[in-house]
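A quick write-up on the structure given underneath.
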Amino acid sequence: MSGVLRRAAFQLPVVLTLIFLVPVLPLSHPSPGGTTGPFRAAVFTPTTEGNTYWPEVHRVMRAAAESLEMDIEFHEFDVGDRFEKVEEGVRILQTDPIPDAAIFSVAFGQAKPLMEVAEAQAIPYFLNGPLFPEEMEELGGAPRREYDRWIGYFHEDEEEKGHLLARELIAAARSANRTAPDGTVLVVGIGGDATWYGSRLRESGLRRAVSEDPAARLLQTVPTRWTPAEGREMTRRLLARYPEATVVWAASDQLALGAAEALRAAGMEPGVDAFTGGLDLSLVGLQAVREGRLTATVAATPLIWADILVCLRDHLAGNEGADRCEGIFLFPPVIATPSTAADYVRLAEQFDALDYTRATPVTDRLREMDRREIKP
Amino acid sequence: MKRLAVRHFLVVVAVVILVSAGTLFYQIRMQYSQGTRDLKDILEMVEESYLPAVAAGVFFFDDQQLQLLAEGILLHPYVESVVILEHRPGENVPLITVGDDSAGNGELHTYPLVYRYEGVSREIGALHVTVSLDEIREQTLAQIRVATVANLLKILAFALIILLVEQRMVFRHLRAISAFMGSLDPEHPAERELVLKRGIGRNTGGSDELSEIAGALNIMVRRLEGVLNEKKVLLQELYHRTGNMMQSIRAILKLQSLRTEANETVETILRNVDNRILAMALVHQKLYQSENLSRVDMREYLQELAREVLRSYALPDRPVDLELNIEDARLLIDTAIPCGMVLSELLSNSLQHAFPRGRGGTLGIALHRTGDGQYELTVSDNGIGPGAEFEFPRDSSIGLQTVQTIVEKQLRGSLVLDQTRGVRWSIRFSDDIYQERVSNE
């Protein structure tokens with residue numbers, strides 16, 4: 001599927017969600033059969049200083065849990081201390097009240113110890129990636145092969161995210177005629193934490209976009225640990241090294257916002273003299289796109305996390321069709337540009353009001369998704 | 001001997017200092033060479049190991065890594081400062097500076113930072129490493145100071161030990177040999193044997209140089225005593241025979257005088273000749289009888305000579321007394337014989353002229369040391385004296401002229417005549433104008 005077609009296809013469910021779900025009042029859902037009290041789900045996610053992505057994910061999941069009459073607890077761990085996450089996660093999974101289910105969003109080397117504890121405690125769980133291929137192979141390559149309680153593995157199409165954003169930024173620069181004298185659009189990239197495989201995939205997308213465009217050239221990328229301050233500082237230094245660069249590709253909305261500040265500080269107007277964008281589809285990112293500070297923000301909608309929670313609920317309750325959630329899921333991204341950002345903002349503002357007991361368009365799509373898109 | 005020991009001590013100290021200084025210089029040179037080799041290795045290591053990481057750090061703006069790398073380089077010896085620079089359009093911007101780069105006496109090494117990105121090598125900055133051999137120099141100087149003091153102490157201790165050992169093993173024995181040689185009895189040199197107080201086993205079976213010297217000295221001394229004894233015997237025999245020959249001459253003269261008709265002049269001449277031979281014969285007799293073959297006991301000699309001269313004049317009608325006042329003195333044979341000749345002449349002169357016509361009197365003979373180390377022989381009589389018109393040496397007889405010649409030529413002394421009361425001859429002479437025939441020292 002080409003990138004253009006994907007973009008159109010993935011924007012459609014969002015619009016449908018806005019049309020069909022927002023007016024509907026929350027419906028009562030059947031109680032989980034044979035259980036006493038609501039299901040408890042534990043969610044392990046990373047965080048960074050000033051992070052804007054994960055709070056929105058938590059907000060969506062909290063809304064979904066409330067809608068699904070589930071209890072949910074979030075455990076955030078700083079990406080700077082991966083060991084703390086494992087140790088604390090193990091302790092939580094072994095301490096009463098033991099959660100009924102879990103979702104692990106992990107970095108390199110963190111999955112296996114958490115999964116082993118979950119297996120020992122008979123806790124079903126989802127794993128959020130992407131994981132390095134070697135690590136994935138060590139875990140059996142797919143759910144249910146070596147770990148019985150491992151329901152599903154899901155992640156966004158990070159490579160495609162990086163690719164979409166790069167294409168959008170290069171096109172914007174070319175449209176504004178912000179090119180080198182030879183017509184080449186000069187690109188610098190601010191990547192994320194290189195210990196997370198998703199960062200590498202995002203940069204791969206950037207490189208693919210540049211390689212596809214003969215009039216674009218990638219000058220350099222630099223890794224960061226996601227903070228806006230790093231985005232600002234790295235942009236400043238990259239611009240000092242490559243003052244002719246007009247595209248600053250950023251691996252997250254936070255980094256992109258820092259880059260926009262640095263552009264301004266360098267006397268360049270974002271969206272006019274130079275172009276930057278992020279990869280989170282976060283509210284602040286969407287607002288910045290609307291204001292013209294960012295050219296685009298690209299990611300899958302946070303509703304995918306609500307869908308995973310629905311899957312968990314069905315699995316715990318033994319509902320019919322629960323097996324549809326088992327396996328590997330790759331969520332393609334959507335791109336928010338100044339022309340579409342307002343729609344995504346409106347959607348995000350409705351997250352708390354959605355009825356997650358009904359199948360959402362995203363959830364429906366899970367049933368139809370070609371699971372072979374991920375090659376473990 | 002002390003001078004030899006000190007000289008030896010100084011030679012040992014000088015040699016050890018020279019050797020130590022040479023060794024120290026060699027060690028310092030090796031250390032300095034090692035330092036420069038280490039420095040070269042460090043610079044090569046920086047170039048090979050640090051440069052790629054620094055280039056990557058600069059390329060990716062990894063200041064934390066750059067700081068660690070720069071501090072890592074600075075930890076190496078001799079590195080004074082590290083500066084990491086980034087090339088930017090139109091300028092080189094220092095990113096990291098560690099160490100003291102203001103010292104100014106270091107040696108700057110510049111390495112270009114090249115990073116290969118997207119298949120293209122880019123020179124993105126430079127690494128400045130300032131190194132200094134000051135540390136080596138300071139270390140070397142400190143070691144020189146310590147080594148010099150330590151070596152000096154060691155050398156002094158070593159030399160003192162050597163000195164003490166040599167003092168005990170060599171120099172005290174040399175002093176013992178010297179003392180032994182100095183204390184040899186000239187007449188009986190082999191009376192004592194040289195025995196060195198050596199360690200156990202050295203006195204008996206040892207045959208080192210000192211033992212050989214001691215043995216050789218003992219042999220030499222024994223041979224010397226044998227030679228001395230032989231010479232003493234020969235000399236005594238010579239004196240004996242000389243004395244006998246003179247007595248034989250006197251006997252011949254006596255027989256001749258008896259066969260001669262009474263003639264006073266001839267008798268006087270013969271008596272004078274006899275007395276002169278007597279003076280010489282007596283000396284040889286005394287020497288023959290003496291243990292000392294060079295010196296004559298003057299008291300015995302002069303007393304016996306005076307009595308013999310007095311007896312030769314056979315003066316039963318003239319009572320002449322003899323007054324002797326002779327100090328205990330032992331004079332060399334070459335001094336004693338002239339003294340005896342002078343005494344014989346002066347006594348003969350007094351006996352012939354001082355007491356005429358049956359007049360009696362006293363002859364005085366005295367010998368004593370004067371304050372200036374000389375001897376004074378006094379021969380006097382209380383006779384009639386030579387008379388007012390007599391003037392010495394103008395009116396001297398052949399006998400007195402002989403006396404004067406002997407005193408002045410053989411004794412190299414002086415002769416004074418006092419004729420206030422009789423006659424008083426004073427002869428001053430020294431006993432050190434001749435050497436001993438046989439050494440008694």
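For the numbers below, each heavy atom of this structure counts, side chains included, while hydrogens, waters and symmetry mates do not. Since the model is a prediction, treat every value here as computed from it, not as a measurement. Here is how names work: the chains are called A, B, and so on, in the same order as the sequence lines, proteins then strands, and each is numbered from 1.
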Any side-chain to backbone donor/acceptor pair from B/Arg172 onto B/Arg168? Under 3.5 Å, distance only. yes

Any idea which donor-acceptor pairs are under 3.5 Å between chain B and chain A?
from: B/Val58; atom 1: O; to: A/Arg241; atom 2: NH2; distance (Å): 2.7
from: B/Phe59; atom 1: O; to: A/Gln220; atom 2: NE2; distance (Å): 2.2
from: B/Phe59; atom 1: O; to: A/Arg241; atom 2: NH1; distance (Å): 2.9
from: B/Asp63; atom 1: OD1; to: A/Arg237; atom 2: NH1; distance (Å): 3.1
from: B/Asp63; atom 1: OD1; to: A/Arg237; atom 2: NH2; distance (Å): 3.0
from: B/Asp63; atom 1: OD2; to: A/Arg237; atom 2: NH1; distance (Å): 2.5
from: B/Glu86; atom 1: OE2; to: A/Arg241; atom 2: NE; distance (Å): 2.8
from: B/Glu86; atom 1: OE2; to: A/Arg241; atom 2: NH2; distance (Å): 3.0
from: B/Tyr117; atom 1: OH; to: A/Arg207; atom 2: NH2; distance (Å): 3.0
from: B/Tyr117; atom 1: OH; to: A/Thr221; atom 2: N; distance (Å): 2.8
from: B/Tyr117; atom 1: OH; to: A/Thr221; atom 2: OG1; distance (Å): 3.0
from: B/Glu118; atom 1: OE2; to: A/Arg207; atom 2: NE; distance (Å): 2.6
from: B/Glu118; atom 1: OE2; to: A/Arg207; atom 2: NH2; distance (Å): 3.0
from: B/Arg122; atom 1: NH1; to: A/Leu219; atom 2: O; distance (Å): 2.9
from: B/Arg122; atom 1: NH1; to: A/Tyr242; atom 2: OH; distance (Å): 2.7
from: B/Arg122; atom 1: NH2; to: A/Leu219; atom 2: O; distance (Å): 2.6

May I ask you to test the B/Leu210-B/Leu174 pair for a side-chain heavy-atom distance under 4.5 Å? yes

With B/Pro94 via side-chain contact (heavy atoms from CB on, under 4.5 Å) - residues at least two apart: B/Val83, B/Leu85, B/Thr97

Please check if any side-chain donor atom of B/Gln67 sits under 3.5 Å from a side-chain acceptor atom of B/Glu71, or the reverse. yes

Are B/Leu69 and B/Ile96 side-chain neighbours, meaning at least one heavy-atom pair lies under 4.5 Å? no

Can you check whether A/Leu169 reaches A/Val185 side chain to side chain, under 4.5 Å on heavy atoms? no

